[in-house]
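Structure first, then comments.
Bear in mind that the values here come from a model prediction, so they are computed numbers and not experimental data. Below, read A as the first sequence line, B as the second, and so on, with proteins coming before strands; counting in each chain starts at 1.
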Protein chains: 2
Amino acid sequence: MHNKLTVVSMSQEKKELIISKANALIQKSGYAAMGMRELAKAVGIEAPSLYNHLQSKEEILNQTCFTLGRKLLIALEEVNDIYFDAEQKLRTAIRNHVEIITHDLSAAYVFIHEWKHLSEPSLSEFKQLRDKYEAGIREIVEAGEKEGIFKETDLKFATLSILSAVNWIIEWYKPEGTMTPIQIAEKISDFILQGLTRDKRFN
Amino acid sequence: MHNKLTVVSMSQEKKELIISKANALIQKSGYAAMGMRELAKAVGIEAPSLYNHLQSKEEILNQTCFTLGRKLLIALEEVNDIYFDAEQKLRTAIRNHVEIITHDLSAAYVFIHEWKHLSEPSLSEFKQLRDKYEAGIREIVEAGEKEGIFKETDLKFATLSILSAVNWIIEWYKPEGTMTPIQIAEKISDFILQGLTRDKRFN
DNA sequence: CCTACCGATCGGTAGG
DNA sequence: CCTACCGATCGGTAGG
């Protein structure tokens, strides 16, 4: 029993290694340009051996896009369940998003930019997941308006501003840099909230 | 004489048609995934005939990245020459950027995301061009601080926020939408300036 | 996990 | 601008 479980989990570990190496290569040169031979070399095996762990090249894309998408969505739903105040919700949601994205930059890159290489029906499923996440962010902004904390804004525009700020991070974030993910999240939150918060003088 | 000029400019037009069709295909599926046969079909000729207009596939990437990069940089330098006030400079720079990017979304996509497929020495040249542009935006923010119009901020962070807002547009902008590029630019400027402007009460 | 190998497709050239 | 074609490389399979 113990033996079998070990084998299963070792196999799982190897698969995760392959996917993580793949994401790094995809971040460097894009999904289409990443070759399975190149990936095999990075892993330290021959190309056909990859197919003992994967059904196809696209499985890598699927795994990464949906794992990260679900992770982000669950974190967002938790925020909506736990917190009451819209500002607190938004700050926590932004912090979660930044932490998830900076935790694995390569995976984040694949999630943000390479999902379009998914084929149907995964492509449509993925778009739904994304839309749901965007809707969750929009709901927070909407709640802030209703609470009278945020001024009335173009909901769509505010949501896009938030997503652009948190997703653009992957274009410049370096783990060796001086700012921690939490500090980055705080700065982004301050910046966004300054644009959203109703001026205190009028309350 | 007239004849020769006509031939040259017709040839130039065809090349531009090819590059524009190519950018649309690259936006859809990425540079590496775009095939020269697919491109030829979109243009209405056979694949080998493309090479009467292009030296190589990469020439498409080169043309688009550097044409757009120079266009953006020239617009930014003009702003710095003409205007005095930092707020005016920033608003105009953002408006120019948004107008250039929305004018040809496919080209903008290639410029923003696909430049990494350039090979040396073009790759290094391109990075220099980008850095120069980023430095130009940062200078405006810096000028605003010195003028006492903007509060002191993390320069790097403010610059990245501006670039993230204006570049994220290509992920959602649809020409059929209700907002014009100028309106989008205005909203972004308002949003950014709200985060940057020194509170009037303390002046 | 490997060796041997498949058909398909890639960017690009020769020659007209 | 076309037909005919090149070597290289692609994702993936058979069989052990």
From the set [options], return the single nucleotide nearest to any side-chain atom of [X].
X	options	value
A:S49	D:dG12, C:dG11, C:dC1	C:dC1
B:R37	C:dC1, D:dT3, C:dG12	C:dG12
B:M36	C:dG11, C:dC2, D:dG12	C:dG11
B:K14	D:dC1, D:dC2, C:dC2	D:dC1

Interatomic distance, [X] [atom1] vs [N] [atom2] [rounded to whole Å]:
X	N	atom1	atom2	result
A:E38	D:dC10	CD	P	8 Å
A:E59	D:dG11	CD	C1'	14 Å
A:H117	D:dG11	NE2	C1'	16 Å
B:E58	C:dC10	CD	P	18 Å
B:L54	C:dG12	CG	P	9 Å
A:K41	C:dC1	NZ	P	18 Å
A:K57	D:dC10	NZ	P	9 Å
B:L50	C:dA14	CG	P	17 Å

Validation: residues 187-195 of chain A side-chain donor-acceptor distances under 3.5 Å, sequence neighbours left out:
| unit_1 | atom_1 | unit_2 | atom_2 | d |
| --- | --- | --- | --- | --- |
| A:K187 | NZ | B:D154 | OD2 | 3.1 |
| A:S189 | OG | A:A185 | O | 3.0 |
| A:D190 | OD1 | A:R91 | NH1 | 3.1 |
| A:D190 | OD1 | A:R91 | NH2 | 3.0 |
| A:Q194 | OE1 | B:K151 | NZ | 3.4 |

As its Watson-Crick or G-U partner within any shown strand, both distances under 3.5 Å, D:dG12 has C:dC5
DNA chain D: 5'-proximal contact among A:P48 and A:N52 (nearest heavy atom):
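By nearest-heavy-atom nucleotide position, the 5'-most residue is A:P48.
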What are the two closest heavy atoms between B:L76 and B:A93, and how far apart are they?
CD1-CB, 3.9 Å
Donor-acceptor contacts, no H, no angles, side chain residues 105-123 of chain B, under 3.5 Å, sequence neighbours left out:
| unit_1 | atom_1 | unit_2 | atom_2 | d |
| --- | --- | --- | --- | --- |
| B:S106 | OG | B:Q27 | OE1 | 2.7 |
| B:Y109 | OH | A:K116 | NZ | 2.4 |
| B:H113 | NE2 | B:E171 | OE2 | 3.1 |
| B:E114 | OE1 | B:Y31 | N | 3.1 |
| B:E114 | OE1 | B:H117 | NE2 | 3.4 |
| B:W115 | NE1 | B:I112 | O | 3.0 |
| B:K116 | NZ | A:Q27 | O | 2.9 |
| B:K116 | NZ | A:Y109 | OH | 2.4 |
| B:S119 | OG | B:E58 | OE1 | 2.9 |
| B:S119 | OG | B:E58 | OE2 | 2.9 |
| B:E120 | OE1 | B:S124 | N | 3.2 |
| B:E120 | OE1 | B:S124 | OG | 2.7 |
| B:E120 | OE2 | B:S124 | OG | 3.1 |
| B:S122 | OG | B:N62 | OD1 | 3.2 |

Strictly below 4.0 Å, N to O, side chains only: are B:R130 and B:E134 in salt-bridge contact?
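No salt bridge links B:R130 with B:E134.
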Hey, is B:E147 close enough to B:K89 for a salt bridge, meaning N to O under 4.0 Å?
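A salt bridge is absent here (no side-chain N lies under 4.0 Å from a carboxylate O).
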